[in-house]
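Letters A, B, ... mirror the listed sequences (proteins, then strands); counts begin at 1. Worth saying up front: this structure is predicted, and the values here are computed from it rather than measured.
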Amino acid sequence: MNLLITIYQFVLILLVAPFAAGMVKFCKARLQGRKGASPFLPYWTILTLMKKQMVISKSTSWVFRLAPFVVFGTSLFLALTLPIVLVGGALEQYSNFIIVAGVLMLGTIFLIFGGLESASAFGGMGSSREMTIASLVEPTMILVFGALALSTKSSEISQMVSHMNIESTPSVLLSLLALILISLAENARYPVDNPATHLELTMVHEAMILEYSGPYLALMEYASFLKLTLLSTLLVNLIFPVGLLMESSVGLDFVLAPLFFIAKVIFMMAVLALLETSIVKMRFYRIHEFLLVALFLSLGGIILTLVNTIL
Amino acid sequence: MISSELISVGILTCLTGTLSGGILALFSGKKPVQRIAQAVIMISLLIGAVATGIFLMKGMQSLVLLNDGSFFPGKLVIDQLSAIFFFLVNAVGLLAVFYGAKYILNENGHYNLAYIQCLTALFILGMQLVVLATTPVFFVFAWEIMSFSSFLLVMADLKSESIKPAIFYLVMTHLGAGAIIAAFLLLSGGAIAVDFSMLAVLAAKLPAVTIIAVFSLFFFGFGSKAGLFPFHGWLPEAHPQAPSHISALMSGIMLKIAVYGMIRVLLYILPVLPVELGYTMIVIGLFSAIFGVFYSVIETDIKRILAFSSIENLGLIFSIIGIFMVARSQQMELLANVALVAALYQSICHALFKSGLFLSAGVAGQAFHTRNIEKMGGMAKHMKMFSLAVLLLILTASALPPSGAFFGEWLVIQSIINNISSAVLPVQLFLLATLVSFGLVAGIAVFSMVRFFGIGFLAEPRTKDAHVEKDPSFEMLLPIMVLGIFAFLIGSIAKPLLNLIGNDLATDGIKLSTESLNSFTFNPLILLGLIFGLFILAWLFRKASSDTKNEREYHTWDCGQPIDASMEYTATAFSSPIRFFFSSLLRANKKVSSKPIVETNPWLVKKSVDVEVRPVWNEYFYNPIVRLVTSASSKIRRLQNGNIQFYITMILISLIITAIVAL
């Protein structure tokens, strides 16, 4: 039964993810005074890409062909384990934050391998930048979830969501703020990366997947949609854990939970669009300042949480 | 019991076999003789590995192998702790010897095979004896066999660029050995042939100051062997100069022997030490880890990349041992147990993946005739099995799930989080510092390994005369493959393995509760299956929803201007953001020089970039010491004025002082 609910969440996330990506573009267009494409466009993009012929560069090897599956597979892992629609479930214990951080990194490095395989400077540049961001995010990620683990006395993100009590440990707000910053970096959004750009000098994520086409590109894109949906919904759930399915849920809950999920996605995408229209992208060589702010926020968060648990 | 006799016979056969194989290699340089010598060494190592494996599996306590004072001073004893390391020496040694002969032959006469085989056997024998020794004198004797044979192996090609690092290594390793001897002498009060258990009794009576001095000497001795900052200067110089399978043994196993020595001394000889010494060890360990990992990111010689990465790994292992010391002195038993077991587990993982990576560096070096990563690339395309093995190794070296090293790192971070709130304030600060540094080092270590694989193996070769058409020969591929698979899959048996280590040490008279490992709430095997299952699911999804045949080959998108391998991203460029962000720490100096191609035209220029990295430890540590020593010795040299009467006076004065001190 638990496994069935987990699969229910898995399918829901897979269905909603392209909509999330479309929604953020749609909101952004509206905020910029354009009409914008339908938020359902990414579904057609994925379907079209699946039908297209692939062009594979002569410079590439088997790693290039492996990368899309690993990148997509790691996103699927997160969709199975993270508490997005459901708290608990069959694979709850695999949402341990160190495993989640590791699996995120696993996906990232295969994305980087894919970028380097093209043998062009674009891929290399994007890969180098992505690797830098991913490696500097790591300590912050450990500290953020470390603070949450201290305040909720559990290391599984799933348990963190259900035991989260911001009123008794307000210090975790600092950690959550740091989490917001690193989620922006992880998802290649403003101010770290511009997802809409095709100007080589500014791009990170797009530069890496430049050589991918057809079904492989579809997998890569789908994976990034999933990551965006997962991390943004996880943020909402950590702050307002409402409308989540439990292992004991019955009947109507299974209808309400998806609605809550979609509402959260729409809300987060609107906020993201607002953020992206109101700030500018940072120069890449100033990213470390941004990441340092996140690191110090998370350090403050864990120290205050520690003080809080002792008192 | 019959089986325990068999085990001890097996181990003794292994020791004598290794020695005789080494001697046999010296008889003739001819190929059949060398083959036989290689086979003898390998068979004896295999026997040793099997015997120790049975010993470990049966959970036996300890076994006296040789109790004859006439041949060796003291006994040879294998107990659980030494069995773990003895097994590692044998297993990795076996693969390295298997790989070695072919590697040396491929080097086209740079090395003398007979000489290398003999020294390798002695090197392995030295390491085997170190872990079996139970008296200071025998320990130091074996330690010297290990150090000296590895010194000779570093300069095995007798080129001037190897001799200088080898001498540096010799000096550093003997400073360390001197410190270890001094520590043993201080402990035993001169009786160097007493048993370690006797030393422990003596140590319990010594005053605290002496114990601190003894610990510091041991820490310097083992720490400098393990390449801890700032005594690591020799490591990135010496390890890369040795033949690749020797580098693998040095990095993979010899550094672990230093870990073994430290744990042996802490657990079995010294009493529980004051908490400050634990702090010192954590801080030095973390410094080594941070420095090591940053230099491994900016280095361009593949073997130096790996050597710096070893410094990082050993730094982490020593800081985990530091946590063990702190926790033990604070009576935080749970954390102490977990830290000790994690340190041992990480040592095992590191031995497997680092020796595998050094062996692959040897293959890469022979494919490109250089160790410079800037000239590499393109190995993944045709050397499929080889690059797959290296991919597994670098995933383990990056400590990513579900590989082996991930679980060690997971265990440490998890147990820090679990225990930090029950610690007292200064301990909490150190644990927090460890947490931040672990995160940073883990992230940057992934960077270094991705760069190693991404630049070295993917895309197109960066030089014309690269031999990347096919996989290396079976003899060189198999050891790498075996190490890669084991290092990666050891994670799936992490839980039983950690329990085995924990139980074994618990039966060894150490207070260790196995409950510490109950923090494993998940099953590593299922994690492995889940991750791979999802990759397969992704593949099925693509197969079901699109036509797999519908593709064509074309060159990389080039903006209309043909691109070639010289336009690929370089390793230096790849690490440029890290060099920039941590420029104050790394003190890298980038010089761009441009030279006009035609004198009269200032617009068409040939640009070259030169990145110079000045190691901080040379500037602030080694160079001042060198200056101090040279200036002091030039001052002392004034005594040597050629006046015979003066010398006689000096002798008289020293005799008088000696007499006063002695009486």
**Q** Would you say the side chains of B:Gln414 and A:Ser155 form a donor-acceptor pair under 3.5 Å?
**A** yes
**Q** Just say parallel, tilted or perpendicular for the rings of A:Phe113 and B:Phe453, cut-offs at 30° and 60°.
**A** perpendicular
**Q** Heavy-atom cut-off 4.5 Å, strictly under: side chain, backbone, both or neither for A:Leu292 against chain B?
**A**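 Neither part.
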**Q** Would A:Arg65 and B:Glu551 satisfy salt bridge (Lys or Arg N to Asp or Glu O under 4.0 Å), going step by step from the backbone distance to the final call?
**A** CA-CA 12 Å; A:Arg65 291 172 183 273; B:Glu551 63 172 57; 2.8 Å; yes
**Q** So, the side chain of A:Tyr94 versus the backbone of B:Asn523: is there a donor-acceptor pair under 3.5 Å, distance only?
**A**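 Looks like yes, one N/O pair under 3.5 Å.
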**Q** Are more than 12 heavy atoms from other residues, nucleotides or ligands located less than 6.0 Å from atom CE of A:Met282?
**A** yes
**Q** Where does B:Leu527 contact chain A at under 4.5 Å (heavy atoms): side chain, backbone, both or neither?
**A** both
**Q** What part of B:Leu391 gets within 4.5 angstrom of chain A, counting heavy atoms only: side chain, backbone, both, or neither?
**A** side chain
**Q** Let me know if B:Phe447 has heavy atoms under 4.5 Å from chain A in its side chain, its backbone, both or neither.
**A**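 Looking at B:Phe447, backbone and side chain both touch chain A.
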**Q** Heavy-atom distance under 4.5 Å to chain B: side chain of A:Thr60, backbone, both or neither?
**A**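 Backbone only.
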**Q** A:Glu138, A:Met131, A:Gln93: which one forms the most heavy-atom pairs within less than 4.5 Å of chain B?
**A** A:Met131
**Q** Scan B:Leu435, B:Leu440, B:Ile416 and name whichever one has a side chain to side chain contact (heavy atoms under 4.5 Å, CB included) with A:Ile142.
**A**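 Single pass found, and it is B:Leu435.
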**Q** Which atoms of A:Val70 come close to chain B, meaning under 4.5 Å heavy atom to heavy atom: side chain ones, backbone ones, both, or neither?
**A** both
**Q** Please classify the contact of B:Leu395 with chain A as side chain, backbone, both or neither, using a heavy-atom distance under 4.5 Å.
**A**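 Just the side chain, heavy atoms under 4.5 Å.
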**Q** Between B:Tyr569, B:Phe532, B:Trp539, which residue shows the highest count of heavy-atom pairs closer than 4.5 Å to chain A?
**A** B:Tyr569
**Q** Select one option (side chain, backbone, both, neither) describing which atoms of B:Ala573 are under 4.5 Å from chain A's heavy atoms.
**A** backbone
**Q** With a 4.5 angstrom heavy-atom cut-off, could you sort out which part of A:Leu91 is near chain B: side chain, backbone, both or neither?
**A** side chain
**Q** What part of A:Ala121 lies closer than 4.5 angstrom to a heavy atom of chain B: side chain, backbone, both or neither?
**A**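 Both backbone and side chain.
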**Q** Taking NZ, NE, NH1 and NH2 as the nitrogens, is one of them in B:Lys381 or A:Glu117 under 4.0 Å from a carboxylate oxygen of the other?
**A**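 Here B:Lys381 does not pair with A:Glu117 in a salt bridge, since their nearest N and O are not under 4.0 Å apart.
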**Q** Do B:Ile536 and A:Phe69 make a side-chain contact, defined as non-hydrogen atoms from C-beta onward lying under 4.5 Å apart?
**A**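 In short, these two side chains do not touch, never coming nearer than 4.5 Å.
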**Q** Short question: side chain of B:Trp410, backbone of A:Ile99 - any donor-acceptor pair under 3.5 Å?
**A** no
**Q** Test your reading of the model: is there a side-chain donor-acceptor pair from A:Ser128 to the backbone of B:Phe574, 3.5 Å cut-off?
**A**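 Such a contact is found between A:Ser128 side chain and B:Phe574 backbone.
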**Q** Between B:Leu400 and chain A, with a heavy-atom cut-off of 4.5 Å, which part of the residue counts as in contact: side chain, backbone, both or neither?
**A** side chain
**Q** So which heavy atom on B:Leu458 is nearest to which on A:Ser61, and how close?
**A** CD2-OG, 4.3 Å
**Q** Name the region of A:Thr74, side chain, backbone, both or neither, that has any atom closer than 4.5 Å to a heavy atom of chain B.
**A**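 Both backbone and side chain.
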**Q** Pull out the residues in residues 145-152 of chain A that come under 4.5 Å of chain B, heavy atom to heavy atom, sorted by number.
**A** A:Gly146, A:Ala149, A:Leu150
**Q** Is there a side-chain contact between A:Ser57 and B:Tyr554 (heavy atoms, below 4.5 Å)?
**A** no
**Q** Is it the backbone or the side chain of B:Ser387 that comes under 4.5 Å from a heavy atom of chain A, or both, or neither?
**A**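 Answer is both: backbone and side chain atoms of B:Ser387 are under 4.5 Å from chain A.
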**Q** Check the side chains of B:Ser546 and A:Tyr216 for a donor-acceptor pair under 3.5 angstrom, ignoring hydrogens and angles.
**A**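 Their side chains do not contain a donor-acceptor pair, so the 3.5 Å distance test is not met.
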**Q** With a 4.5 angstrom heavy-atom cut-off, is it the side chain or the backbone of B:Glu409 that approaches chain A, or both, or neither?
**A** neither
**Q** Can you see which heavy atom on B:Trp557 is nearest to which on A:Glu211, and at what distance?
**A** N-OE2, 2.9 Å
**Q** Tell me, for A:Leu219 versus chain B, whether the close heavy atoms (under 4.5 Å) come from the side chain, the backbone, both or neither.
**A** side chain
**Q** So which part of B:Ile563 gets closer than 4.5 Å to some heavy atom of chain A, the side chain, the backbone, both or neither?
**A** side chain
**Q** Non-hydrogen atoms of chain B under 4.5 Å away: do they reach the side chain of A:Ile302, the backbone, both or neither?
**A**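 It is the side chain, since no backbone atom gets that close.
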**Q** Tell me every residue that passes side chain to side chain donor-acceptor pair (under 3.5 Å) with A:Thr132, counting only those two or more places apart in sequence or in another chain.
**A** none
**Q** Listed by chain and number, what are the side chain to side chain contact (heavy atoms under 4.5 Å, CB included) partners of B:Ala571, not counting sequence neighbours?
**A** B:Ile373, B:Glu374, B:Arg451, B:Ile455
**Q** Go through the atoms of B:Leu431 and report whether side chain, backbone, both or neither lie under 4.5 Å from a heavy atom of chain A.
**A** neither
**Q** Side chain from CB out, backbone as N, CA, C, O: work out which of these in A:Ile112 comes under 4.5 Å of a heavy atom of chain B, or both, or neither.
**A** side chain
**Q** Count the heavy atoms belonging to other residues, nucleotides or ligands that lie under 6.0 Å from CH2 of A:Trp44, then report whether that count exceeds 12.
**A**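 No.
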**Q** Once side chain to side chain contact (heavy atoms under 4.5 Å, CB included) is applied, do any residues pair with A:Thr140, and if so which ones, sequence neighbours excluded?
**A**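 Partners of A:Thr140 by the side chain to side chain contact (heavy atoms under 4.5 Å, CB included) criterion, ordered by chain and then number, come out as A:Val144, A:Ala178, A:Ile182, A:Ala294, A:Leu295, A:Ser298.
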**Q** Ignoring hydrogens, what is the shortest heavy-atom contact between B:Gly454 and A:Leu116? Give both atom names and the distance.
**A** CA-CD1, 3.5 Å
**Q** Please classify the contact of A:Leu306 with chain B as side chain, backbone, both or neither, using a heavy-atom distance under 4.5 Å.
**A**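 Side chain only.
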**Q** Checking B:Ser576 against chain A: side chain, backbone, both or neither under 4.5 Å from a heavy atom?
**A**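 Contact with chain A is through both the backbone and side chain of B:Ser576.
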**Q** Test ring pair (Phe, Tyr, Trp, His ring centres under 6.0 Å) on A:Phe72 and B:Phe535 and set out the steps.
**A** CA-CA 7 Å; A:Phe72 189 59; B:Phe535 295 165; over 10 Å; no
**Q** Measure A:Lys153 against the heavy atoms of chain B and call it side chain, backbone, both or neither at under 4.5 Å.
**A**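 Contact with chain B is absent: no heavy atom of A:Lys153 under 4.5 Å.
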**Q** Would you mind checking which part of A:Glu156 comes under 4.5 Å of any heavy atom in chain B, side chain (CB onward), backbone (N, CA, C, O), both or neither?
**A**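 Just its side chain gets close to chain B.
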**Q** Contact part of B:Phe541 toward chain A, heavy-atom cut-off under 4.5 Å: side chain, backbone, both or neither?
**A**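 Just the side chain, heavy atoms under 4.5 Å.
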**Q** Pick whichever of B:Phe580, B:Phe582, B:Phe406 has the most heavy-atom pairs under 4.5 Å with chain A.
**A**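 Winner by heavy-atom pair count: B:Phe580.
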